[in-house]
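Below, chain A is the first sequence line, B the second, and so on; all start at residue 1.
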Amino acid sequence: MDDRLSPSSLKKPPKGEPHFPWWVPVALVLILSGPFLLEPKDHAALAHDDRRLVILSPHHESIRQEFGDAFASDWFQRTGERVYLDWRIPGGSSEIFLFLKSEFLGAFQEAFELQHGRSMTSEMLKGFQDPKTPEQPSEGFSKDVVDARRDFLASQVGIGVDLLFGGGTPDFQQLADAGYLVSSPPGGLSGIPAIEARHPEWFRSEVIPETLSGEVFRDPRRRWIGAVLATFGILHNKDLLKRLQVAEPPEHWEALGDPKLLGQLALADPSKSGSAAKAFELIIQEQIQKTLAAAKGPLGPEEEALLINEGWLKGLQLIQRMGANARYFTDSAAKIALEVGRGDAAAGMAIDSYGRATQDAVAKEDGSSRVGFVSPLGGTSVSVDPIALMRGSKDPELATAFMEFVLSMKGQKLWAFKVGTPEGPHHHALRRMPIRRDFYQVGLNAFMSDPSEEPYEKAAHFIYHPEWTRSLFGAIRFLIRVLCVDTHAEQQAAWRVIIAHGMPKEALLVFHDLSGVDLQSVHQKILPILNGRDKLAEVRLGRELAETFRARYRRAALIAQGAGS
Amino acid sequence: MRAIDLQHLSKRLGQREVLNDVSLTIAPGELFFLIGPSGCGKTTLLRHIAGFLVPDRGHIFFDQEEVTMWPPHRRETGMMFQNYALWPHLNVEANVAFGLEERRVPAADIRLRVEEALEQVQLGGLGQRRISELSGGQQQRVALARALVIRPRSLLLDEPLSNLDARLRLEMRLEIRRITKAFGLTAVYVTHDREEALSMADRMAVMKEGRLLQVGSPKDLYQHPKSLEVAAFIGEANCLLGQVLGKTGDPSIYAVETPYGRLLARKTQERWQPRDGQEVHLMLRPEAIRAAMPSPESNGFPGTLVETLYLGASVQYRVLLKDGVMIQWMVQHPRGDLKREGESLWLEVDSRDLLMLEE
Amino acid sequence: MKPFVGGVILIIMILFMGFFFLLPLSGTFRMAFMGPQGGWTLDYLFEIFRNPLYLEGLRNAFIIAIFSTLGCLFLAVPLALIFVRHEFLGKAQFNGLLLVPLILPPFVGALGIQAMLGQAGALNSLLIDWGVLSKDAPIDWLGRGQLIGVIIMNVLHLYPIVYLNLSGSLANIDPQWDDAANSLGCPPFRRFWRITLPLAMPGLYAGCSIAFIWAFTELGVPLIFDVDRVTSVQIFSAIKDLNNNPLPYALVVVLLGLTLLLFFGSRAFFRSDVAGGEGKATLGRPIIPLTGWRGWLATGFFAGVVAIALLPHIGVFLMALSKDWYGTVLPQQWTLEPLERALGHPLTLTAIGNSLRYALLATILDLVLGVAVAWLLVRTKLFGRSLVDGLTMMPLAVPGIVMAFGYLALSRSGQPLDWLIKGEDPLMLLVVAYAMRRLPYVVRSVTAGLQQVHPALEEAAESLGATPIRALWRVTFPLVMPAVIAGGLLAFAFAMLEVSDSMILAQRTIHFPITKAIYTLAAALGDGPSLASALGLWAMLFLTVTFVGTGAILGRKIGALFKV
């Protein structure tokens, strides 16, 4: 019995017998060279740069490309210098926030320890960028912390970034208050004050007002300024709506609560998407406005407060229905546009730029599109998408020049013009509304992608009242999470049952039971916890509230079932 | 030609004492065998000599030089493994040339010596073959050629033939012995096959549980085993119990009282002085027994034939004795009729062939 | 000598893992147990176990992992069984084709799946065309029961690993063991349960454990499918959460604890021995050809699996070559524009160069360390080597994003690892991060290969005068080379397709690797998914050529290489 003991997995030819497949390296070279061969020649090249500008931005691709190219060629024409724009893209607004926080933490800590020769306590680390830190030592704020904050605000500590370009106004406000954004660093005039000195006419309300309809367009302390307008609207897919037998495309927020849209709405989680949070806030504001408008006669402060609360609750209830209609909650606003375009959702909330871009992208040759976008009249404020100078910028002069470019007519045209028009974009139409009011008066409609848009007229229909919900922005995110996101399964299940049984009133009452989250409770019980330092308490609160609402939804479902068919 | 001297080697692996104070001297040119049941430590001892293990206590000398701590690659010992350990990624020639390449022998010389080595094991011309294309016997010979070509001072063999069929095994035994003697190699050979050891060894050692039981020539061990264990390992051994009665005229012959009567037996260990009345074992080989007529002078005992096994060249009988003990009896070249089962017999043995053992 | 070298390796590995694995983790742990006033607290952990959301997340993670593994088994077991024992039409081709999922990053594949399974996607369009579905009632495959999409994607991505390990194990089973059972009266199905399966357990266990843990902790696929009630996504989102939640750190601790428990617990249960395996002899195995309807069934089964596994690739392919694919089975408008734009994009060129650099360097680092560790584990009996074994496997259990954040925190100036980012270039950091996460694959692969090499082969070399190093070089190394190459290839491929570290640690566009470039392009409005698919298609092609080419160079089929 012969025993062959060579392992079967090795049948290699003995030494000296190679057969080399030559197609392998050839194929590899071909594949690798593809991108090199296709590389276009005219972008702001990395190779020969005289000066560098580092810009942190959540703006997508097309905006960065167009503005990068335009600014670089403009600067070259004026000065003969080449610039290289170094874009930093950590992601959306939340990533940017995190990024700035941790970067500044590290940078300031190092600078502090270098200067004072001792390390910072954790209290100081938390407090130096906290706007609540006062200027004098007081309850809960030691001298160390106060000093640290003062040092920081006076310092030129930087993270190697020159500009922050794009995001929401609340974010910019927060960042500016933290101390990351500056108006004009010491050593010569730069930043927004420099622009103002050169172009004082831009800072009049006919061009760039300080506020409009309740929304802030530029920081009174000159730390940030709006670069372009932003509105919100409803994106819808016509084919899907037809299938669902929804006759009219949704033109108001309330239409999104239509039971016919069950499971077909694309929504974003407001705790992950700043723009989604803003949109929800607008919905609530609209409901409050409507409630107040419906009241007859003059209102005393108590009555007003009652009505505001009523509007608040109505807004939340509409949001409940929307949540129940949602397919699921995505983590970014861009996904909403993609889903509606793709036919996976019938409708969704979107910023105007996303909405119009999607409409374009799926348009047929004749210009018609299966996607439509509507900005609800009186349902959305007109706000801005700002730009700001960062603390510690290495080249404030160049940074200021960029900001200036963006605010100049050239820059503003770039936002709105069609591709190929003079001073318009080269590759993509950005389809956004310029912030400068004077832009709309000079008859440039022929060149605009959306000539019929008149945002400043629209603004008149909606006045944003910061005193109603500004301080509650975080609370709104929190509440929507416990009302809809964390409880989605039960919420949608209950909604489904309620619809199937013909919307019985008792069930709806329980479904919409919002006791515990009226305005007073929010201010007194919820807000302190959200603003406090104990995150654990916050999580516990979230859990308890979610439990409460889950129970209500379940009960609503039971009642609906029992109420007959 | 090298003398191998092992002194008081002890080794513990985990909880077990795998070698317990083993001392051994192997003469130059000797073909020395280590046998014993599995787990007795024979392979462990071999690996100590090879250098793959280092003893906890004790010393190893090659020709007066202490090599206990030397790594394997310095010891100039060729080794043959149980499953040959031929490298599958090299062909026959490359396998054999390996050791020479390690010694930086010039390429031309390598070629010559490899061819020569293959000739010596009758594998001339097969240098280009892949290992997987060879038969078991051929592989084994390649392993041998590989170990020999480097002209080692000693050769270690770890059960090299256990994976071959019977015929090949017999052939290879002769080959190995012939080659080691022709090269004058000191060889240490581990096996569990006693025939192999008996037929090939100059001297051999029986091991059990890490100890040496007995060392000697095959004849010594077979005919003068120190203990029943050794005896039973070396060949078939029948065992009777008895008590010492006393000496006889011949200093090595004793009278022993057994259940079958008074028997005369030979003491094999000189230094042992059995007391009267002491319990002893009497060992006799099956081939040492003959049938006889019962008589008082006869050194024998009665029994009943229980089983007959005819093997052609011999016949093996099993005989039941008075107290239930079963005896194996072998007759070479049986003439006449075979004994029949149930027959009553008187079995006789020469007193020199009945060995008295202490244990 | 051996113990010394082993000791050195032990110490180096402990330092390496300590520095680059434990240290970043420790930051995370600190946050998980640090109370608001700075004290030590278990509150966060308790909260996790009280919170139905997180419990549901854990439950879903388990469900995904279990069903993904079961799905892989469902595919891999019959595939492996048929493949090892039988000959049928197309067997040689299928061997390579089955491995096709390895060449596509799962989150890109998810884009392809979305295109196929969306409400207006290809599958629905096909069903409508066939009249099975009415135009007004298409099925929302991905909307309801989102876990299904994740599980499908996981299975399609992971089954090759289970298949390869299992078939390797099966091939090593001596057919005589099966014959013996047969002759003792054991019918085929029971033979399978009593003989074949237990003996194939090492390979089965290896493949399943990788699949399970991967599916348990995977982030990219659930993100694309918007499944947010699963632990990995909860961690990711909570970190993104604008309110700076400390819970993700505690969640990470829980996830890590569970994974370790699973890993070591199942190891003990299956008694998977690491050190000292004897090389298995494989006697001539009779390969039974399948004829007639059996043959067609086998071929059909393999073809079916390959076809399903190719669905994401087909989706990506079609998306890359079309403009707007909506409501039709195949795209109506074919164009090379996405390919041109994606490949000519300024982002792409640097991304490709970056990915190659990071992945190659990381693979080299992995090979050096992995071979050393495998040698330590298989060839020595050094005390402490099971510690190293566990440590090197742990990166498998830790979600990439956790490590990524740990690295980010520790590489700030002034922090312990700041020398890793010299001049803002994350090259070293990414190489270390990639290497750390792929090390387990190399270690497993080389360990398995080394176990197949009988120690006697080295000893023979030593007895012939080779020093231990020379013996390693001349004997062991050539024999484990296939395993080393396989491990290296796996490491390289996964490094090129790496998601979490790339997403978080590469901040500047000129440092982006391919995956982040794809992700960035995907977010572009309008035809973003097409662009991302185009770049994904390129990556697919590159990896295919790499794999097939390496297999060709080594003169064997790809399949034999990938036994981890």
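For Ala147(B), the part lying near chain C is the backbone, with the side chain staying farther off; criterion is any non-hydrogen pair under 4.5 Å. Heavy atoms of Ala461(C) lying under 4.5 Å from chain B belong to its backbone as well as its side chain. Only the side chain of Phe52(B) comes within contact range of chain C, with heavy atoms under 4.5 Å apart.
Leu86(B) and Leu457(C) make their closest contact through O-CD2, 3.5 Å (heavy atoms, listed as atom of the first residue, atom of the second, distance).
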Could you pull out every donor-acceptor pair under 3.5 Å between chain C and chain B?
residue, atom, partner, partner atom, Å
Leu457(C), O, Trp87(B), NE1, 2.9
Glu459(C), OE1, Arg47(B), NH1, 3.0
Glu459(C), OE2, Arg47(B), NH1, 3.4
Glu459(C), OE2, Arg47(B), NH2, 2.5
Leu464(C), O, Arg103(B), NH1, 2.4
Arg470(C), NE, Glu102(B), OE1, 3.0
Arg470(C), NE, Glu102(B), OE2, 3.3
Arg470(C), NH2, Glu102(B), OE2, 2.9
Arg474(C), O, His89(B), NE2, 3.1
Arg474(C), NH1, Glu101(B), OE1, 3.0
Arg474(C), NH1, Glu102(B), OE2, 3.0
Arg474(C), NH2, Glu101(B), OE1, 2.1

